[in-house]
Amino acid sequence: MVDSDELESVCKRRGFIWQSSEIYGGEAGFYDYGHLGALLKDNWERSWKEYFLGLDDNYHMIYTPNILPYRVLKASGHVDMFSDVLIHCMRCETGFRADHLVEDVIDMNVEGLSAEEIDKTIEKHDITCPNCKGALSESDDFNMMFSVQIGPTGEHKGFLRPETAQGTYMNFFREFRALRKKMPMGLATIGSAFRNEISPRKGVYRLREFGQAELQIFFVPGIHEEVFEKKYNAEYRVNVMLVDDDTKLIEVDELKDLPIFYKYHLSKVFEFFTDKMNLDPDSIRLRELSDDERAFYNRIHFDVEIFLESLGGWKEVAGVHYRGDYDLTKHQKESGTKMSIPIEGERVIPHVLELSFGVDRNIWSLLDRGFGDDDRKWLHLPADLAPYHVAVFPLIRKDGLPEKSIEVYNRLKSRFRAFWDKSGSVGKRYARMDEIGTPFCITIDYDTMDDDTVTIRDIVSKDQIRAPITELNDILRTLINKEKTFSEYL
RNA sequence: GCGGCUGUGGUCUAGCCUGGUAAGACUCAAGCUUCCCAAGCUUGCUACCCGGGUUCGAAUCCCGGCAGCCGCACCA
């Protein structure tokens, strides 16, 4: 059982994550990454890039701005759809989402209606507060986007982007040409997105500014799927929960109604969590969303959920969304810029498969799943993601051991993220490294002074091996890259 | 946004009811000690969420704000 108070305490004490602007009392929905959190986040992002760009030679990274002009988000539908019409009872003050209230009472689809239209509907059907039958206020449009004024007089309206994807969609055609018209094409990006959540809570899980890592894959169904079919492994096993069903581990090919391009990427996403984040398959599931839960433009939608005790259960950390041609069609129509590509003499607008990851939620998952406070407090992180790969200590602080340990540290620090310490006892230093997830600790003792060998201590087992200083680079590299396990060196 | 609870060194807590200039544990830093898993010793840094009010005097009582937790609502 993860003690989330203890985990939070470690995060603050050691330098991972804490509330932003805290010296002024803080503001809900914003978090800072300290020096260890920043290392962990950078490492996760690097691993994500290596893995997902590695899926295909035509998958690439791009970066686009945080601020988008009004017209972009008008075209994407966010100005109209990314908002809630709120209403409250004038007697008992209870607040409601106006569209839900109207739908409950008169059974009509009010999606996309403006505040004025909803007010008219409420008046027409004489709808009152479901709690106390009191009269309802006029409804109020609440858009989840942060608006910004661009330019000296603010004459250009814009928004902080509510998702990183729109910047990518707008670049589809330029990159299609720059990449010499090769399809399928993948454009990935990592960056911040902003949503003015009504009630951000649960630490880093619902933020107003958060990181997204997204890969948008462009292709034309029936034309460009061969690439995926070749890579697809029907026997790959994934943990899924279908609508109205229990969680079960099955071969991905048993997901019969899904196209291969979808199953291929779904299984690769699952593999990222098991192989790169080292999460137990039992703690990960792919959950199919019902029609109600899915955004209207998503044709197929599975969320990746991880069981996080600190947040009370299964929590969404990523999603695989088949968005069809919705986005490119909208941008072609509103911008007047061609988004279609020539296929057998016709022009076709490509479809999009989106792999979307919440960066902060993924970082939190590593901390939650990795934290143990049984006999000791320790973090079990994948070695290549840990803030430090290796720490170097003198066993005791005399007889030249500290100087020798600095020599070893200097040999390692250009190749690894290394840390050197001499304060307290060696046990204390191991404990400190346990707490921040440093997988390996090297100790210089009296034998080192005779024969230039050192001990390497493993965070998981606390076992030690003895190795010559000259072999440290190779041993650490094979351990961090998982070419060999620690026990194979025992 | 509504209701309930809460806010004290880096972390976690005591003190608050019954106003009189803050205590402990751990952590951290410097040093001593120490031949492998938070030992011990010495010294040291660091706090009453913010603002206003009552009072000779406020961590303590009152009001307002902010933040956090729980519940409701929300989560394109």
Side-chain angles (χ1 to χ4, degrees), chain A residues 3-15 18-30 34 73 76-89 92-101 111-112 130-131 137 140 142-145 162-163 165 193 195-203 205-208 210 293-298 301 303 312 315-316 319 321 358 375-378 393-399 401 422-435 441-449 454-459 461-464 466:
Chain A
D3 185 334
S4 45
D5 290 340
E6 279 298 337
L7 178 53
E8 194 188 321
S9 164
V10 170
C11 284
K12 287 202 248 186
R13 243 176 335 103
R14 294 302 185 188
W18 49 78
Q19 178 155 50
S20 191
S21 302
E22 65 174 346
I23 65 167
Y24 288 101
E27 185 73 45
F30 301 94
L73 292 155
S76 70
H78 285 86
V79 170
D80 299 316
M81 304 300 289
F82 197 68
S83 63
D84 293 330
V85 180
L86 299 179
I87 200 165
H88 65 268
C89 170
C92 71
E93 303 265 299
T94 311
F96 305 95
R97 260 186 68 169
D99 53 345
H100 287 186
L101 185 64
E111 190 156 13
N131 283 357
S137 68
D140 205 7
F142 172 76
N143 194 288
M144 299 256 295
M145 292 191 291
E163 60 177 13
R195 298 178 189 178
N196 198 3
E197 297 284 353
I198 295 171
S199 173
R201 230 185 256 179
K202 295 278 183 191
Y205 185 71
R206 174 159 295 120
L207 295 173
R208 287 182 165 130
F210 57 100
E293 296 171 300
R294 216 166 49 217
F296 67 94
Y297 49 76
N298 279 333
H301 183 160
D303 275 346
K315 290 289 170 183
E316 174 198 352
H321 316 134
D375 56 325
R376 54 179 170 150
K377 283 180 203 147
W378 68 298
F393 310 135
L395 181 61
I396 58 171
R397 252 199 287 177
K398 59 183 183 187
D399 300 330
L401 268 56
K422 69 173 170 60
S423 88
S425 65
V426 73
K428 179 77 169 183
R429 295 177 221 135
Y430 289 149
R432 288 195 191 107
M433 292 301 103
D434 280 347
E435 226 176 22
C441 293
I442 289 171
T443 299
I444 277 66
D445 56 23
Y446 282 97
D447 291 345
T448 315
M449 308 306 274
V454 297
T455 58
I456 307 174
R457 179 248 197 198
D458 169 46
I459 193 175
S461 61
K462 299 199 269 184
D463 289 335
Q464 290 185 331
R466 189 146 203 111

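Proteins come first, then strands; the chains are lettered A, B, ... in the order of their sequence lines, and each starts at number 1.
Among the atoms of the strands shown, none is found under 4.0 Å from any heavy atom of A:R376. Nucleic acid contact class of A:G34 (heavy atoms, under 4.0 Å, all strands): none. Among the atoms of the strands shown, none is found under 4.0 Å from any heavy atom of A:R294.
For the P atoms, the distance linking B:C74 with B:C16 amounts to 42 Å, nearest Å. As rounded to the nearest Å, B:U6 and B:G53 have C1' atoms that lie 23 Å from one another. When the C1' atom is compared between B:C26 and B:A39, the two are found 15 Å apart, to the nearest whole Å. B:A73 and B:U27 are spaced 40 Å apart, taking the C1' atom of each and rounding to whole Å. Using C1' as the reference atom, B:A14 and B:A22 are 10 Å apart when rounded to the nearest Å.
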N/O to N/O distances under 3.5 Å, protein versus nucleotides 30-33 of chain B:
unit_1 : atom_1 : unit_2 : atom_2 : d
B:U33  : O4     : A:R397 : NH2    : 3.2

Restricting both atoms to N or O, compile the protein contacts to nucleotides 10-14 of chain B shorter than 3.5 Å, with distance only.
unit_1 : atom_1 : unit_2 : atom_2 : d
B:U11  : O2'    : A:S9   : OG     : 2.7

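B:C48 is unpaired under the criterion used here, namely a Watson-Crick or G-U wobble arrangement in which both key atom distances are under 3.5 Å. When Watson-Crick and G-U wobble pairs are counted only if both distances are under 3.5 Å, B:G3 pairs with B:C70. Across every strand in view, B:U55 sits unpaired, with no contact that passes the Watson-Crick or G-U test at under 3.5 angstrom. Pairing for B:A39 is absent, with no Watson-Crick or G-U wobble pair whose two atom distances lie under 3.5 Å. The partner of B:A14, taking Watson-Crick or G-U wobble pairs whose two distances both stay under 3.5 Å, does not exist in any strand shown. The partner of B:U60 cannot be assigned: no Watson-Crick or G-U wobble pair with both contacts below 3.5 Å exists in any strand.
Of the charged side-chain nitrogens involved, none lies within less than 4.0 Å of a carboxylate oxygen, so that A:R208 and A:E197 do not count as a salt-bridged pair. For A:E435 and A:R13, the salt-bridge test passes: some basic side-chain N is under 4.0 Å from an acidic carboxylate O. In summary, A:D303 and A:K315 do not engage in a salt bridge, as defined by a charged side-chain N under 4.0 Å from a carboxylate O. Salt-bridge formation is detected for the pair A:D434/A:R457: a Lys NZ or Arg NE/NH1/NH2 atom is positioned less than 4.0 Å from an Asp or Glu carboxylate oxygen.
With a 4.5 Å cut-off on side-chain heavy atoms, A:C441 and A:F393 count as touching. Looking at heavy atoms from C-beta onward, A:L401 lies in side-chain contact with A:Y446 at the 4.5 angstrom threshold. Side-chain contact between A:V426 and A:I396 is absent, with no heavy-atom pair separated by less than 4.5 Å. In this structure, the side chains of A:M145 and A:V79 come closer than 4.5 Å at one or more pairs of heavy atoms. Proximity of A:Q464 to A:I442: side-chain heavy atoms (C-beta onward) are nowhere separated by under 4.5 Å. Between A:T443 and A:V454, the closest side-chain pair of non-hydrogen atoms is not below 4.5 Å.
Put simply, CG on A:L401 is 12 Å from C1' on B:C36, counting in whole angstrom units. Between A:L395 atom CG and B:C37 atom P there is a gap of 9 Å when expressed in whole angstrom units. Here the P atom of nucleotide B:C26 and the CD atom of A:E435 are 15 Å apart, to the nearest Å. Going from atom CG of A:D434 over to atom P of B:C37 covers 13 Å, rounded to whole Å. Here B:C35 presents its C1' atom at 12 Å from CZ of A:R429, a figure rounded to the nearest Å. The distance from atom OH of A:Y205 to atom P of B:C70 is 14 Å, rounded to the nearest whole Å. With rounding to whole Å, A:K428 atom NZ is found 5 Å from B:A38 atom C1'. To the nearest angstrom, P of B:C36 lies 18 Å from CD1 of A:I456.
In terms of position on RNA chain B, the residue among A:I444 and A:E197 whose nearest nucleotide sits closer to the 5' end is A:I444.
Taking side-chain N and O atoms only, A:Q19 has no distance below 4.0 Å to OP1 or OP2 of B:A67. The side chain of A:K462 contributes no N or O atom lying less than 4.0 Å from OP1 or OP2 of B:C36. For B:A39, the OP1/OP2 oxygens have a side-chain nitrogen or oxygen of A:S425 closer than 4.0 Å.
Evaluation of the ring pair (Phe, Tyr, Trp, His ring centres under 6.0 Å) rule for A:F210 yields no partner, not counting sequence neighbours.
The backbone N or O of A:S461 lies less than 3.5 Å from a partner atom in the side chain of A:D458, making a donor-acceptor pair.
Side-chain atoms of A:R195 come within donor-acceptor range of the base of B:A76, with a qualifying N/O pair under 3.5 Å. Side-chain N/O atoms of A:Y297 and base N/O atoms of B:A76 include a donor-acceptor pair closer than 3.5 Å. On a pure distance criterion of 3.5 Å, no polar donor-acceptor pair joins the side chain of A:Y24 and the base of B:C49. At a cut-off of 3.5 angstrom, the base of B:C36 holds at least one donor-acceptor pair with the side chain of A:D445.
The side chain of A:R14 sits closest to B:C28 out of B:C28, B:A67, B:A73. The side chain of A:Q464 lies closest to B:C37, out of B:C74, B:C37, B:A67. Of the listed nucleotides (B:C36, B:C35, B:A76), B:C36 has the atom at the smallest distance from the side chain of A:T455. Taking the side chain of A:R457 as heavy atoms from C-beta on, and the options B:C74, B:C37, B:A29, the nearest nucleotide is B:C37.
Residue-nucleotide stacking is not present for A:Y430 and B:C36, judged by a side-chain ring centre under 5.5 Å from the six-membered base ring centre and planes under 30° apart.
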